[in-house]
**Student:** 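Here's a structure for you.
Please read all numbers here as calculations on a predicted model, not as lab measurements. Order of the sequence lines fixes the chain letters, A, B, ..., with proteins taken first and strands second; residue numbering starts at 1 for each chain.
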Amino acid sequence: MAQDLKDTLNLPQTNFPMRGNLVEREPKRINHWKKIGLYDQIQAKNSEGESFILHDGPPFTNGDLHLGHALNKTLKDTILRYKWMAGYNAPYIPGWDSHGLPIEHKVSRELQDSGRTDYTPLEVRKACAKFADKYRLIQSEQFERLGVTADWANEYWTIHPEYEAAELETFANFVEQGIVYRSKKPVYWSIPCATALAEAEIEYKDHTSISIFVKLRLSEAARTQLDLPDEDSSILIWTTTPWTLPANLAVSVHPNIEYSAIKTQAHGTLIVATPLLDSVTNECKLEGVETVATYLGSQLEKLEARHPFIDRASPILLAEYVTTESGTGCVHTAPGHGLDDYITGINNGLEVYCPLDDKGCYVDDGQVPADLVGLSVLETGNGKPSDANLGVLKIIAGNGSLIAKKKIKHSYPHCWRSKTPVVFRAMDQWFVALDKNGDRARALESLNQVNFIPSWGENRIRAAVENRPDWCISRQRTWGVPIPAFYDEDGGAYIDADVIRAISKKVASSGTNLWFEQTAAEILDGIQLPADWPSADKLKCGTDTLDVWIDSGSSHRAVLQKRPNLKWPADLYLEGSDQHRGWFQSSLWTSVIADKAAPYKNLLTHGFIVKEDGTKLSKSDGAARPLNEWIAGYGADIIRLWICSQDYRGDVPVSDKIVKNVANNYRNLRNTLRFQIGNLHDFDVARDAVPLDQLNALDKWALNELAQLVRKVTEAYDAYEFHRAFKDLIDPFVANTLSATYHDVLKDRLYTRSPNDPLRRSSQTAIHIIFSVFTRLIAPLVPFTADEAWSYAQNDSDFGDQAIALTDWPVVDSTWDDAETASDIRALRSFLSTQLNDRLEALRQQKTIGQSLDAKAIITGNSNDAEFARLKKYEADLAELFILSEVSLIESQEVSELEIEVAHADGVRCPRSWRWVPELVETERWGAVSARCAEALKSI
RNA sequence: GGGCUCUUAGCUCAGUUGGUUAGAGCAUCGUGUUGAUAACGCGGGGGUCGGUGGUUCGAGUCCACUAGGGCCCA
């Protein structure tokens with residue numbers, strides 16, 4: 001019979017599954033979205049809306065996606081889904097970046113491993129393109145699996161001919177402005193391979209070098225300045241690369257380190273960093289050492305020393321990178337042979353001097369001693385010093401400037417191909433001058449127009465813009481956009497804006513491979529050459545490619561400015577904080593130089609994924625597993641919800657524990673939706689809805705709470721603070737407002753009342769509104785689940801007629817606001833939790849009651865008491881609101897404070913509603929039930 | 001070494017212009033329910049706010065120093 005009675009209840013009915021089973025279900029929804037052309041439908045719906053352009057920073061296509069990609073793309077997708085629902089015309093063109101060393105390196109390795117050594121640049125490029133394409137497809141599939149909705153058919157790609165052409169046009173613009181110049185800069189150079197190497201192509205191995213202490217005689221003026229009477233006064237340097245001595249142009253000292261002038265028996269007076277005195281004395285076996293003076297490094301600035309064997313000055317300069325870890329604290333500086341040296345040289349106007357040819361042999365430039373000309377710096381192996389090293393040693397030993405020498409074993413860079421030690425060697429490079437036309441000042445100025453989220457992003461990019469030297473844009477690489485420069489037999493370079501534009505037109509149809517397929521004459525065929533150029537048949541194509549930051553940094557010109565449905569500048573760029581120095585900056589420069597303004601109005605940055613303990617993720621960490629494994633474990637919605645529950649402005653910690661935590665919140669969320677859908681199964685708005693002003697107080701309260709939620713959540717979305725939207729607002733709303741309060745109270749009403757009972761319909765009206773609004777509020781965060789719930793609410797099956805992404809963002813209906821009722825209900829519920837629940841819990845522990853309906857409350861109070869008055873006002877609703885069987889209020893002038901008593905309810909328990917009532921009434925079919933149930937049963 | 005930045009319960013986050021016993025969700029422990037049931041309710045325990053020192057009648061909330069993370073440079 002009990003079973004029969006249960007059948008008379010209006011229990012929730014829905015097919016919406018309690019368990020998400022996202023891993024299986026989500027891919028079906030993706031297919032559904034594709035089938036209905038969701039992205040296109042969204043664009044069509046909003047075509048007249050206000051424009052909002054989020055410009056996608058292109059990921060590099062060289063591997064599977066990881067959580068970092070998911071963080072970035074989820075934030076973008078969440079923003080766009082919100083904007084789309086809010087009616088913005090916001091096309092989303094995803095991008096891909098593919099030129100560059102990581103791919104070229106991997107592909108070259110593969111070619112070598114297959115035993116090939118004779119491959120041509122063109123072959124490498126084709127293999128790179130194939131490799132890049134493979135991962136472009138893999139990545140786009142993985143992004144789609146994450147739920148990223150975009151115009152995949154019209155993606156942009158840095159290796160597309162039209163993109164390359166636009167990039168070359170941008171470069172032509174630079175050239176036209178006269179800011180592209182040629183200058184030397186040191187690069188790693190492999191002598192056997194006759195090629196420049198990138199950091200990634202270098203292997204550090206132990207190597208035995210000859211370390212030498214060499215003295216550089218001070219000029220007379222310097223001695224006078226330092227008050228050193230000894231004519232044989234020198235500054236002492238230490239180096240492990242004797243062969244770089246011919247290129248020595250300076251000695252660097254640290255401005256804040258103390259230096260000592262020491263008198264020695266055999267080598268005159270020497271200047272050495274004071275902290276290194278002991279070790280130098282020891283290493284050089286100096287005798288009779290006596291300190292005659294001390295100076296601060298800064299006092300030595302600009303004083304002149306003389307090169308040990310070439311007749312020229314070697315001034316003493318200041319450099320912050322000088323340390324006292326080894327050597328003498330006085331650093332041999334050859335701007336053509338080291339990056340630090342180079343910077344010191346540039347800062348002090350020194351030449352970037354490098355008297356080595358491509359084969360690593362000294363050239364005859366009138367400065368290199370005749371004995372050295374032609375000697376090679378390459379070491380032939382077996383630990384034998386190079387000819388150049390021996391030659392230099394011979395000279396300095398001969399003229400007395402060599403104080404000591406010793407073999408040392410240390411880690412030294414080697415070529416990954418030839419396995420020989422590499423040399424650092426200055427080569428001609430192309431640069432873009434950043435100050436010549438005032439572009440740096442303009443860039444800094446343009447940042448004033450940009451809104452930074454978070455605000456400190458501005459300081460970061462500003463510092464980067466202020467401090468970066470002129471932009472070296474040439475790379476000695478194959479897999480990139482070629483620098484359209486030509487060279488004559490003597491190495492003279494020719495570059496011209498109009499020529500580049502003409503080449504760009506050819507590139508637009510055939511891609512930059514033409515640079516590697518054709519001769520200069522063929523490329524220049526049909527192009528008008530400037531008057532001062534040699535004829536095309538006398539020219540050769542350069543082999544340098546453009547820095548890949550020019551590639552992605554040109555995207556605003558190649559994409560935003562070229563596509564009719566986009567606009568420049570973008571409303572938003574959104575990338576990781578490393579891009580302050582990367583894409584944000586390269587884009588800023590190209591934009592400021594070519595278009596005189598920043599390419600973005602808003603700049604949003606997020607942090608990096610780290611381990612739960614806050615330290616960086618390494619490849620071997622489980623949390624570093626590929627994105628598709630995470631999704632296979634949890635489903636995209638959980639991963640997305642996890643991302644959106646994090647404050648992305650700082651580091652974003654991840655672990656299975658953290659994601660599981662979110663999965664728990666998700667479960668609560670999902671079941672709440674299920675409860676609502678299930679309780680609306682017999683509700684037809686047109687037929688059953690109750691006018692809002694006639695809603696029951698509790699329902700009014702619920703709508704009032706909803707109104708506040710919509711306002712706050714919308715604010716949070718507008719500020720891109722999704723973690724607030726979720727954790728501060730949505731999650732507590734689900735757990736507290738709905739699950740623990742509203743839904744819990746409503747069960748009795750919804751289940752036991754007659755289906756058409758006005759109170760039941762009142763609540764269904766409210767639930768209907770709440771569901772409709774709430775599901776839309778979470779749609780950008782959990783697009784799969786929201787769409788699924790939306791479908792089940794429509795037709796109780798997986799796919800409904802309308803995708804939730806095509807609905808409008810909810811706005812507050814002012815009739816939901818009812819502050820007074822809401823504040824009453826809130827106070828009453830608070831009374832329950834602070835005054836009654838612990839008492840009820842005590843009864844439960846004593847086994848006096850089980851569920852709260854087994855209990856009653858008796859509250860005695862003074863009618864002057866505000867709280868008691870409020871209870872009195874809602875007397876008829878209290879039992880329901882507290883989920884008790886009975887609440888009696890007793891007025892008494894005797895009491896000053898409320899007196900509260902809870903006890904087991906009186907009477908008999910209604911087998912249908914489980915409420916305790918004074919007596920049951922007999923029904924024909926269902927036996928004895930409470931009077932209210934008997935009434936409800938009449939309509940069953 | 002430099003620039004920017006982060007540090008509140010086991011986890012993720014809130015904490016307005018400095019002001020009563022520092023909040024939430026999840027987790028945990030106990031418990032009720034078996035009509036949201038691999039679901040839901042109720043109750044309990046758990047932080048003194050990275051550390052130190054200041055300013056103040058009073059600081060998680062302002063200042064200085066310091067420790068430990070992160071990104072980017074060197």
**Student:** Pick base, sugar-phosphate or nothing for N736(A), based on heavy-atom distances below 4.0 Å to the nucleic acid.
**Tutor:**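 Sugar-phosphate, no base atom in range.
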**Student:** Whole-Å distance between C72(B) P and E466(A) CD?
**Tutor:**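 For the pair E466(A) CD and C72(B) P, the rounded distance is 20 Å.
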**Student:** Please work out if H723(A) contacts a base, only the sugar-phosphate, or nothing of the nucleic acid, heavy-atom cut-off 4.0 Å.
**Tutor:** sugar-phosphate
**Student:** Whether the side chain of W630(A) engages the backbone of A623(A) through a donor-acceptor N/O pair (distance < 3.5 Å, no angle test) should be reported.
**Tutor:**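 Checked: pair present.
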**Student:** How is I658(A) classified with respect to the nucleic acid when contacts are heavy atoms under 4.0 Å: base, sugar-phosphate, or nothing?
**Tutor:**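 Sugar-phosphate: the residue I658(A), judged by heavy atoms under 4.0 Å, touches backbone atoms but no base.
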**Student:** From the list G69(B), C42(B), U37(B), which nucleotide is the closest neighbour of the side chain of E841(A)?
**Tutor:** C42(B)
**Student:** So D340(A), base contact, sugar-phosphate only, or nothing? Heavy-atom distance under 4.0 Å.
**Tutor:** sugar-phosphate
**Student:** Distance between the C1' atoms of C63(B) and U56(B), in whole angstroms?
**Tutor:**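 The same atom, C1', in both gives a distance of 12 Å.
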**Student:** Is S577(A) near enough to G70(B) that one of its side-chain N or O atoms lies under 4.0 angstrom from OP1 or OP2?
**Tutor:** no
**Student:** Looking at H723(A), is its backbone amide N or carbonyl O close enough to the side chain of D728(A) to form a donor-acceptor pair, meaning the two atoms are under 3.5 Å apart?
**Tutor:**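 Answer holds: no.
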**Student:** Side chain of A740(A) only, heavy atoms from C-beta on: which candidate in C42(B), U33(B), C11(B) is closest?
**Tutor:**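 Between C42(B), U33(B), C11(B), the one nearest the side chain of A740(A) would be C42(B).
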**Student:** Quick check on contacts: within residues 633-649 of chain A, what sits under 4.0 Å from RNA chain B by heavy-atom distance?
**Tutor:**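 RNA chain B contact set from residues 633-649 of chain A: S645(A), Q646(A), D647(A), R649(A).
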**Student:** Verify the contact: side-chain N or O of R670(A) to OP1 or OP2 of C40(B), cut-off strictly under 4.0 Å; return yes or no.
**Tutor:**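 For R670(A), the contact criterion (side-chain N or O under 4.0 Å from OP1 or OP2 of C40(B)) is not met.
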**Student:** For V23(A) versus Y634(A), what's the shortest heavy-atom pair and its separation?
**Tutor:**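 Nearest pair, atom of V23(A) first, then Y634(A): CG2-C, 4.2 Å.
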**Student:** Please state the C1' separation for the pair U28(B) and G10(B) - nearest whole angstrom.
**Tutor:**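 Between the two C1' atoms, the distance is 8 Å.
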**Student:** Looking only at side-chain atoms of R674(A), point me to the closest of C4(B), G10(B), A36(B).
**Tutor:** A36(B)
**Student:** Provide the distance between the two C1' atoms, one in A9(B) and one in G19(B), to the nearest whole Å.
**Tutor:** 23 Å
**Student:** From the set C4(B), G3(B), G25(B), return the single nucleotide nearest to any side-chain atom of D731(A).
**Tutor:**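 Side chain of D731(A) sits closest to G25(B).
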**Student:** NA contact type, R581(A), heavy-atom cut-off 4.0 Å: base, sugar-phosphate, or nothing?
**Tutor:**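 Contact class for R581(A): sugar-phosphate only.
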**Student:** Does the pair R839(A)/E901(A) count as a salt bridge with the N-to-O cut at 4.0 Å?
**Tutor:** no
**Student:** How many whole angstroms separate atom OH of Y666(A) from atom P of A38(B)?
**Tutor:**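 Between P of A38(B) and OH of Y666(A): 16 Å.
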**Student:** Looking across every strand, which nucleic acid part, if any, lies under 4.0 Å from D613(A) by heavy atom: base, sugar-phosphate, or nothing?
**Tutor:**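 Answer is nothing: D613(A) stays at 4.0 Å or more from every strand.
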**Student:** Can a donor-acceptor pair be found between the side chains of R912(A) and T8(A) at a distance below 3.5 Å?
**Tutor:** yes
**Student:** How does RNA chain B look in dot-bracket form if you count Watson-Crick and G-U pairs under 3.5 Å, write [ ] for pairs that cross, and put | where a base pairs with another strand?
**Tutor:** (((((((..((((.....[...)))).(((((.......))))).....(((((..]....)))))))))))).
**Student:** For R19(A) and C40(B), give me the distance from atom CZ to atom P, rounded to whole Å.
**Tutor:** 13 Å
**Student:** So R667(A), base contact, sugar-phosphate only, or nothing? Heavy-atom distance under 4.0 Å.
**Tutor:** sugar-phosphate
**Student:** For F675(A) and A39(B), is the gap between ring centres under 5.5 Å while the planes differ by less than 30°?
**Tutor:** no
**Student:** Taking the same atom, C1', in U61(B) and in G18(B), what whole-Å distance lies between them?
**Tutor:** 6 Å
**Student:** Have a look at N664(A) and say if it touches a base, only the backbone sugar-phosphate, or nothing, with a 4.0 Å heavy-atom cut-off.
**Tutor:** sugar-phosphate
**Student:** When you compare G45(B) with A22(B), how far apart are their P atoms, in angstrom units rounded to a whole number?
**Tutor:** 14 Å
**Student:** Looking at every strand, decide which applies to R912(A) at a 4.0 Å heavy-atom threshold: base, sugar-phosphate, or nothing.
**Tutor:**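 Since a base atom lies under 4.0 Å of R912(A), the category is base.
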**Student:** Is the side chain of N671(A) donor-acceptor paired with the backbone N or O of R667(A) at a distance under 3.5 Å, no angle test?
**Tutor:** yes
**Student:** When we call it a touch if two heavy atoms are under 4.0 Å apart, what does N837(A) touch: a base, just sugar-phosphate, or nothing?
**Tutor:** sugar-phosphate
**Student:** To the nearest Å, how far apart are N671(A) CG and C40(B) P?
**Tutor:** 5 Å
**Student:** Mind telling me whether F584(A) and Y600(A) have parallel, tilted or perpendicular rings, with 30° and 60° as the class edges?
**Tutor:**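 Geometry flag for F584(A) against Y600(A): perpendicular rings.
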**Student:** Check the distance between U33(B)'s P and Q845(A)'s CD and give it to me in whole angstrom.
**Tutor:** 12 Å
**Student:** Decide, yes or no, whether a salt bridge links D699(A) with R749(A) under the criterion of side-chain N to carboxylate O below 4.0 Å.
**Tutor:**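 Salt bridge present between D699(A) and R749(A).
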**Student:** Inspect the contact between K611(A) and D651(A) and indicate whether a charged nitrogen and a carboxylate oxygen are less than 4.0 angstrom apart.
**Tutor:** no
**Student:** Quick one: CZ on F882(A) to CZ on F831(A), what's the gap to the nearest 0.5 Å?
**Tutor:**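 That separation rounds to 5.5 Å.
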**Student:** Without hydrogens or angle criteria, can the side chains of Q764(A) and N679(A) be said to hold a donor-acceptor pair below 3.5 Å?
**Tutor:** no
**Student:** Select from T672(A) and G457(A) the residue whose nearest nucleotide in RNA chain B is closer to the 5' end of that strand.
**Tutor:**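 In this pair, the answer is G457(A).
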**Student:** In this structure, how many angstroms lie between the C1' atom of C40(B) and the CD1 atom of I883(A), rounded?
**Tutor:**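 The distance from CD1 of I883(A) to C1' of C40(B) comes to 11 Å, rounded to the nearest Å.
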**Student:** For the P atoms, the ones on C49(B) and on G60(B), what distance do you get once it is rounded to whole angstrom?
**Tutor:** 7 Å
**Student:** Measure distances between side-chain N and O atoms of N661(A) and base N and O atoms of C11(B), and say whether any donor-acceptor pair falls under 3.5 Å.
**Tutor:** yes
**Student:** Can you tell me which nucleotide in A14(B), G10(B), C40(B) comes closest to the side chain of D744(A)?
**Tutor:** C40(B)
**Student:** Which part of the nucleic acid, if any, lies within contact of K660(A), taking any heavy atom under 4.0 Å across all strands shown: a base, the sugar-phosphate backbone alone, or nothing?
**Tutor:**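 If one applies the 4.0 Å heavy-atom cut-off, K660(A) turns out to touch nothing in the nucleic acid.
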**Student:** Check whether NZ of the Lys or CZ of the Arg R829(A) lies under 6.0 Å from the centre of the six-membered ring of Y742(A) and within 45 degrees of that ring's axis.
**Tutor:** no
**Student:** What contact category does G607(A) fall into here, base, sugar-phosphate, or nothing, at under 4.0 angstrom with non-hydrogen atoms?
**Tutor:** nothing
**Student:** Counting any heavy atom closer than 4.0 Å, what does K611(A) reach on the DNA or RNA strands: base, sugar-phosphate only, or nothing?
**Tutor:** nothing
**Student:** Roughly, in whole Å, what's the span from CG in L447(A) to C1' in C4(B)?
**Tutor:** 15 Å
**Student:** Specify whether W790(A) and F771(A) have parallel, tilted or perpendicular ring planes, treating 30° as the upper limit for parallel and 60° as the lower limit for perpendicular.
**Tutor:** parallel
**Student:** Pick the C1' atom in U34(B) and in G41(B), then give their distance to the nearest Å.
**Tutor:** 12 Å
**Student:** Just wondering, more than 12 heavy atoms not from E24(A) lying within 6.0 Å of its CD?
**Tutor:** no
**Student:** Mind checking if N665(A) touches a base, just sugar-phosphate, or nothing, with heavy atoms under 4.0 Å?
**Tutor:**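 Sugar-phosphate contact only - N665(A) comes under 4.0 Å of backbone atoms but never of a base.
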**Student:** Could you tell me whether the side chain of R724(A) has a donor or acceptor atom within less than 3.5 Å of a complementary atom in the base of C13(B)?
**Tutor:** no
**Student:** Could you measure between the two C1' atoms, the one in G58(B) and the one in A39(B), and give it in whole Å?
**Tutor:** 48 Å
**Student:** For K6(A) and G35(B), is the shortest distance between a side-chain N/O and OP1 or OP2 below 4.0 Å?
**Tutor:** yes
**Student:** Roughly how many Å is it from NE2 in H743(A) to C1' in G35(B), rounded to a whole number?
**Tutor:** 16 Å
